[in-house]
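See below for the structure under consideration.
Note that this is a predicted model, so its numbers are computed, not measured.
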Amino acid sequence: GKSTLMNLLGHLDDYDVVAMRDKLMPVIDEADIDLVLQGHDHVMSRTKVLASDPAGIENARVVETTKYTELVNGKRIEYNVDPEGTIFLLPNTAGAKHYSQKGSARGFDLEQYLQLFDRTGAQATENFAAIRVTGDQLTVDMYDIRNQSSPRVFESFGIDRSLSPVEAAIAALPAVDALSDGDAKA
């Protein structure tokens, strides 16, 4: 079949989708994959940073991450800093079909499952994603097209792995009370 791993539509509780989550979440973690691009379902969704957890909601749990927001040409981009997990993106559709989010699920609590997502909901527009990778930074710009007009960015997010070496260097500095006058002269 053609189904997405983390989705919000009629397939979210299908046996084959649940089996895929059971098998693939640990593999995705082990491979240290930052972003999973999904297709087929005609609705936009983006998860929070997730890690495999057999005891979690549908074998996943939200991973706490440090975030910062950058303003570029008047648009906000929220970056997750060196996340220890994966974001699952379903960019909606580039075609005419649009579906609605499912209102119930078999075998698990839909409200708890929805807590795994940063972005959910039906879009009545065509969407596509542009992805840039520069150095240790990945940026996703989400575009929509309304009324046959030009595409416009309506949302951006990203992953930044460049800050971790800086944070590690700062953490390796000696504590203030361990410094002496001789250190200041060096």
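The two residues Ala129 and Pro91 come nearest to each other via the heavy atoms CB-CB, 4.4 Å. Residue Lys23 comes nearest to Val27 through the heavy atom pair O-CG2, 3.4 Å, listed as atom of the first residue, atom of the second, then distance.
Residues Ser162 and Asp136 bring no donor and acceptor atom of their side chains to less than 3.5 Å of each other.
Between Arg161 and Asp34 there is a salt bridge, with a side-chain nitrogen of the basic residue lying less than 4.0 Å from a carboxylate oxygen of the acidic one. Between Arg76 and Glu155 there is no salt bridge, since none of the side-chain N atoms of the basic residue sits less than 4.0 Å from a carboxylate O of the acidic one.
For the pair Phe128/Pro151, a side-chain contact is recorded, criterion being any heavy-atom separation below 4.5 Å from C-beta on. Proximity of Phe157 to Ile87: side-chain heavy atoms (C-beta onward) are separated by under 4.5 Å at one or more points. Two residues are said to be in side-chain contact when any heavy atoms from C-beta on lie closer than 4.5 Å; Met142 and Leu89 meet this criterion. Using a 4.5 Å heavy-atom cutoff, the side chains of Val49 and Val62 are not in contact.
Partners of Asp29 by side-chain hydrogen bond (donor to acceptor under 3.5 Å, both in side chains), not counting sequence neighbours: none found.
Separating the CG atom in Asp141 from the CZ atom in Phe154 is a distance of 10.5 Å, to the nearest 0.5 Å. Atoms CG and OG, on Asp118 and Ser45 in that order, are 11.0 Å from each other to the nearest 0.5 Å. Within the model, atoms CG of Leu50 and CD1 of Ile57 stand 9.5 Å from one another, a figure rounded to the nearest 0.5 Å. Of the inter-residue distances, the one linking Leu71 atom CG with Lys75 atom NZ reads 10.5 Å to the nearest 0.5 angstrom. To the nearest 0.5 Å, atom CG of residue Asp160 and atom CD of residue Gln137 are 4.5 Å apart. Taking CE from Met25 and CG from Asp53, the interatomic distance works out to 9.0 Å, rounded to the nearest 0.5 Å.
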From CA spacing to verdict: side-chain contact (heavy atoms from CB on, under 4.5 Å), Val63, Asn80: CA-CA 11 Å; Val63 176; Asn80 289 282; over 6 Å; no
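The ring pair (Phe, Tyr, Trp, His ring centres under 6.0 Å) pairs that include a residue from residues 47-69 are Tyr68-Tyr79, where partners are two or more places apart or lie in different chains.
Heavy-atom neighbours of Arg152 CZ from other residues, nucleotides or ligands within 6.0 Å: above the threshold of 12.
The one candidate from Leu35, Ile33, Ile28 that meets the side-chain contact (heavy atoms from CB on, under 4.5 Å) condition with Phe88 is Ile28.
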